[in-house]
Trainee: 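One structure, as structure tokens, below. Some questions next.
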Amino acid sequence: MHQNSQPPRHLQLLSERYPTAAAAASEIIRIEALLRLPKGTEHFMSDLHGEHEAFVHILNSASGVIREKIDIVFPALPERERAELATLVYYPAEKLPTLKAGQADLPAWYRETLLRLIELCRFVSSKHTRAHVRRWLPEDCGYILDELLHAHFEDHDKNLYYGQIIESILRCGRADAYILRLCALIKRLAVDWLHIVGDIFDRGARPDLILDGLMAHHHADLQWGNHDVVWMGAAAGSPLCVMTVLKTTLAYGNLDLLERGYGISLRPLEHFARAVYGADDVTRWLPRGDVAEDFTGDRTAVGQMHKAVSILMFKLETEVMDRNPDFRLEGRDYLRQIDYARGTVRCGGREHPLLDCAFPTVDPADPAALTEGERQVLEALVRSFRESERLQRHARFLYSHGAFYKICNGNLLYHGAVPMTEAGELAEITFQGKARSGKALFDYCDRRARQGYFAPEGSPERQAGQDFLWYLWCGALSPLFGRSAMTTFERLYLADPATHTERKDPYYRHIARPETALAILHAFGLEGEGCHIVNGHVPVRAVEGESPVKGGGRLIVIDGGFCRAYHSKTGIAGYTLVYNSRGLVLRTHQPFEGLEQAIWQDGDIASQSDYIYTAPRRLLVGDTDEGAERRRLIEDLSALAEAYRSGQLPERGISL
């Protein structure tokens with residue numbers, strides 16, 4: 001065979017997996033059948049802010065999807081029994097011992113429960129291929145579960161068939177194991193894909209546990225929020241990002257996250273803060289009012305540490321501003337704007353009296369200079385962040401499974417804002433001498449954020465990337481922040497509430513218009529009725545009548561106040577979004593009362609469901625991004641089969 005008649009390289013590689021024309025044809029038939037199945041369910045959450053218990057419940061319940069399926073499969077069951085069954089599916093390891101303890105006839109309860117779980121599992125698995133379901137079956141009991149889920153009752157008496165298998169399970173003492181496996185399988189099959197649209201960290205106590213859950217999930221992706229990127233910068237070793245995350249964590253009294261969660265010792269900081277700020281009034285630095293009632297530690301020590309890291313943060317901010325003039329943060333180097341003799345600071349073009357004039361580590365002649373004690377504490381803390389194995393695992397996951405934005409099945413997912421002009425056009429933002437807007441700006445931000453973690457140690461690119469991660473957290477032109485300024489200094493030191501204002505990007509005004517949402521979708525290459533924007537970051541004030549659905553139904557803001565600190569402002573406890581084969585369903589959630597009530601009292605989150613987009617027909621796998629990839633594979637397999645038939649490529653393993 002002449003070299004120029006060789007089939008393309010990708011077909012030669014494909015032939016290793018499909019060595020004959022028959023094998024290629026069989027795979028084409030299998031894929032075409034898959035393309036005709038209903039589209040899998042996608043689940044969207046945003047702005048979790050460390051609220052681990054609420055996250056776990058929303059995840060386990062699939063935002064009410066599992067309870068809805070229980071209601072469909074068992075409409076005649078009393079409400080109490082349906083709620084009990086739902087709790088068992090959500091929390092099988094915790095709920096099972098309690099349910100068993102209350103049974104007068106345990107074998108009968110086992111039989112009934114296993115039958116119900118099998119029926120429920122058959123229902124949620126109906127839109128999946130048998131091969132897909134098999135993939136998630138546990139090795140120790142996969143064969144039996146496969147039989148139970150896929151038996152054809154034209155060949156078997158259903159009750160007799162199930163009864164015989166269940167009796168065998170009971171005789172072998174395997175009932176608990178099968179209940180646990182069935183509950184896990186139901187949750188796995190109910191949702192195919194989990195999207196987190198930013199802000200896992202800050203405010204709530206345990207974002208680390210949320211990340212553990214996401215890392216264990218079968219298919220999760222993340223779009224970074226501004227609270228996430230500053231933690232990514234801290235994990236990378238940025239001193240300023242370390243001080244920034246410490247400041248927020250101390251403000252909310254979340255010391256367990258640092259000490260137990262990530263093994264970061266605060267002892268050097270505590271000793272330094274007591275020695276330097278022990279005589280200061282740290283009332284303004286005590287844990288915030290909305291979490292103070294839950295805080296049981298030494299409030300004064302936390303206040304002293306909070307003030308110490310705040311001053312360190314302001315000093316380091318000045319250095320980063322000096323290094324990056326294109327951040328355009330002139331005038332926000334507040335330690336240089338202070339008249340230390342008069343106790344005033346220049347802000348917004350005028351002088352303001354300071355609420356606290358004690359700056360024992362600040363040299364008025366060189367306000368950004370660190371004292372030797374500050375330098376030692378800073379180095380120790382940065383080293384702790386760099387050496388925390390668990391934090392580094394989480395940071396690598398955020399980078400490997402996360403991005404600045406995502407386009408998936410016609411939907412554009414991003415956390416913050418697409419910067420806009422006052423006139424409603426996409427704003428061009430200049431960094432490193434080049435102006436960018438829309439998708440080009442988002443791509444640039446993604447690349448530069450990755451430099452902060454992956455560029456070589458000590459390189460200018462790594463430092464520039466770390467500076468940029470901090471800027472993405474709080475910069476006026478950062479798409480992840482979308483406000484005029486992060487007014488941390490003003491809220492700590494100035495009484496005038498006008499100085500505390502963080503003016504929103506014009507984006508937030510213009511997204512009410514359908515043409516704005518369509519222009520953004522177009523800028524990212526998306527067209528068509530089924531395309532939507534899923535956005536987070538700014539809580540929707542439902543209590544004031546604000547709707548999360550904007551842009552003529554094309555843009556959905558799913559930050560509804562997941563974090564407890566926002567509940568009074570939003571009037572609810574968050575939104576989630578479900579995209580199934582019928583369309584987009586918005587879930588509005590009321591506050592979660594806690595895992596104890598959920599497990600022991602079958603307390604679910606009260607939720608309301610609203611279809612905000614109904615597809616003109618039921619969506620199939622063939623309508624998704626996966627379907628497009630599968631069709632490309634069909635084209636390649638068809639070309640491979642033709643190469644076999646034409647003799648251009650010899651079939652493998654064929655005896656002549």
Trainee: Taking the six-membered ring for Trp, are H52 and F55 parallel (under 30°), tilted (30 to 60°) or perpendicular (over 60°)?
Mentor: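 The rings of H52 and F55 sit tilted, inter-plane angle from 30° to 60°.
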Trainee: Should R206 and E51 count as an ion pair when the cut-off is N to O under 4.0 Å?
Mentor: no
Trainee: Does D47 reach the main-chain N or O of D559 with its side chain, forming a donor-acceptor pair under 3.5 Å?
Mentor: no
Trainee: May I ask you to decide whether R350 forms a salt bridge with D496, counting only side-chain N to carboxylate O separations under 4.0 Å?
Mentor: yes
Trainee: Applying side chain to side chain donor-acceptor pair (under 3.5 Å) to H352 and T499, what does each step give before you reach the verdict?
Mentor: CA-CA 10 Å; H352 297 265; T499 64; 5.6 Å; no
Trainee: What I want to find out is whether R284 reaches D356 closely enough, with some N-O distance under 4.0 Å, to be called a salt bridge.
Mentor: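 Here R284 does not pair with D356 in a salt bridge, since their nearest N and O are not under 4.0 Å apart.
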Trainee: Could you go through F404 and L480, starting from their C-alpha distance and side-chain angles, then the distance that decides it, and tell me whether this counts as side chain to side chain contact (heavy atoms under 4.5 Å, CB included)?
Mentor: CA-CA 9 Å; F404 208 81; L480 295 186; 3.6 Å; yes
Trainee: On a heavy-atom basis, which atom in L492 and which in S310 lie closest, and how many Å separate them?
Mentor: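 Here L492 and S310 meet closest at CD1-OG, 4.1 Å.
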Trainee: The test is side chain to side chain contact (heavy atoms under 4.5 Å, CB included); show your working for D333 and F314 and say whether it passes.
Mentor: CA-CA 7 Å; D333 51 348; F314 297 138; over 6 Å; no
Trainee: Please check if atom CZ in R260 has more than 12 non-hydrogen atoms from other residues, nucleotides or ligands closer than 6.0 Å.
Mentor: no
Trainee: Could you check whether E270 pairs with R274 (Lys NZ or Arg NE/NH1/NH2 to Asp/Glu carboxylate O, under 4.0 Å)?
Mentor: yes
Trainee: To the nearest 0.5 Å, how far apart are NE2 in H306 and OH in Y277?
Mentor: 12.0 Å
Trainee: F468 and W473: side chain to side chain contact (heavy atoms under 4.5 Å, CB included), yes or no, with the steps?
Mentor: CA-CA 9 Å; F468 197 69; W473 147 254; over 6 Å; no
Trainee: H537 pairs by ring-ring contact (aromatic ring centres under 6.0 Å, His included) with which of H415, H227, H49?
Mentor: H415
Trainee: Does a salt bridge link E428 with K434, judged by any charged N lying under 4.0 Å from a carboxylate O?
Mentor: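 Looking at E428 and K434, the cut-off is not met.
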Trainee: Could you go through Q466 and Y453, starting from their C-alpha distance and side-chain angles, then the distance that decides it, and tell me whether this counts as side chain to side chain donor-acceptor pair (under 3.5 Å)?
Mentor: CA-CA 7 Å; Q466 291 179 9; Y453 194 84; over 6 Å; no
Trainee: Side-chain contact test, heavy atoms from C-beta onward, threshold under 4.5 Å: evaluate it for P419 versus L441 and give yes or no.
Mentor: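 When only atoms from C-beta onward are counted, L441 and P419 do touch, with a gap below 4.5 Å.
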Trainee: Could you tell me if the side chain of S459 sits less than 4.5 Å from the side chain of Q463, heavy atoms only?
Mentor: no
Trainee: When the aromatic ring centroids of W224 and Y399 are compared, is their separation below 6.0 Å?
Mentor: yes
Trainee: Do the charged groups of D443 and R447 touch, with an N to O distance under 4.0 Å?
Mentor: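 Salt bridge flag = no for R447 with D443.
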Trainee: Does R336 come within less than 4.0 Å of D322, counting only side-chain N to carboxylate O?
Mentor: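 A salt bridge is present here (some side-chain N lies under 4.0 Å from a carboxylate O).
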Trainee: Determine whether N535 and Y414 make a side-chain contact, defined as any pair of heavy atoms from C-beta on separated by less than 4.5 Å.
Mentor: yes
Trainee: Using every non-hydrogen atom in the two residues, find where V309 and K247 come nearest and quote the distance to one decimal.
Mentor: CG2-CA, 3.8 Å
Trainee: Any salt bridge linking R323 with D467? Criterion: basic side-chain nitrogen under 4.0 Å from a carboxylate oxygen.
Mentor: yes
Trainee: For C474 versus M486, what's the shortest heavy-atom pair and its separation?
Mentor: CB-CB, 3.6 Å
Trainee: Show your working on side chain to side chain donor-acceptor pair (under 3.5 Å) between Y444 and R436 and close with a plain yes or no.
Mentor: CA-CA 8 Å; Y444 169 82; R436 303 171 181 84; 4.7 Å; no
Trainee: What closest approach, in Å, do L413 and Q223 show between heavy atoms, and which atom pair accounts for it?
Mentor: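 Shortest heavy-atom separation between L413 and Q223 comes out as CD2-OE1, 3.4 Å.
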Trainee: Only one of Y262, F385, W231, F201 forms a ring-ring contact (aromatic ring centres under 6.0 Å, His included) with H394, so which one is it?
Mentor: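 The residue from Y262, F385, W231, F201 that satisfies ring-ring contact (aromatic ring centres under 6.0 Å, His included) with H394 turns out to be Y262.
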Trainee: Decide, yes or no, whether a salt bridge links R448 with E461 under the criterion of side-chain N to carboxylate O below 4.0 Å.
Mentor: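 No, R448 and E461 are not salt-bridged.
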Trainee: Mark yes when over 12 heavy atoms from residues, nucleotides or ligands other than R503 sit less than 6.0 Å from its CZ; otherwise mark no.
Mentor: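 Check fails, neighbour count at 12 or below.
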Trainee: Any carboxylate oxygen within less than 4.0 angstrom of a Lys/Arg side-chain nitrogen, looking at R386 and E457?
Mentor: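 The answer is yes: the pair qualifies as a salt bridge.
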Trainee: Would you please test R346 and E351 for salt bridge (Lys or Arg N to Asp or Glu O under 4.0 Å) and show each step?
Mentor: CA-CA 5 Å; R346 187 163 187 80; E351 296 290 319; 3.6 Å; yes
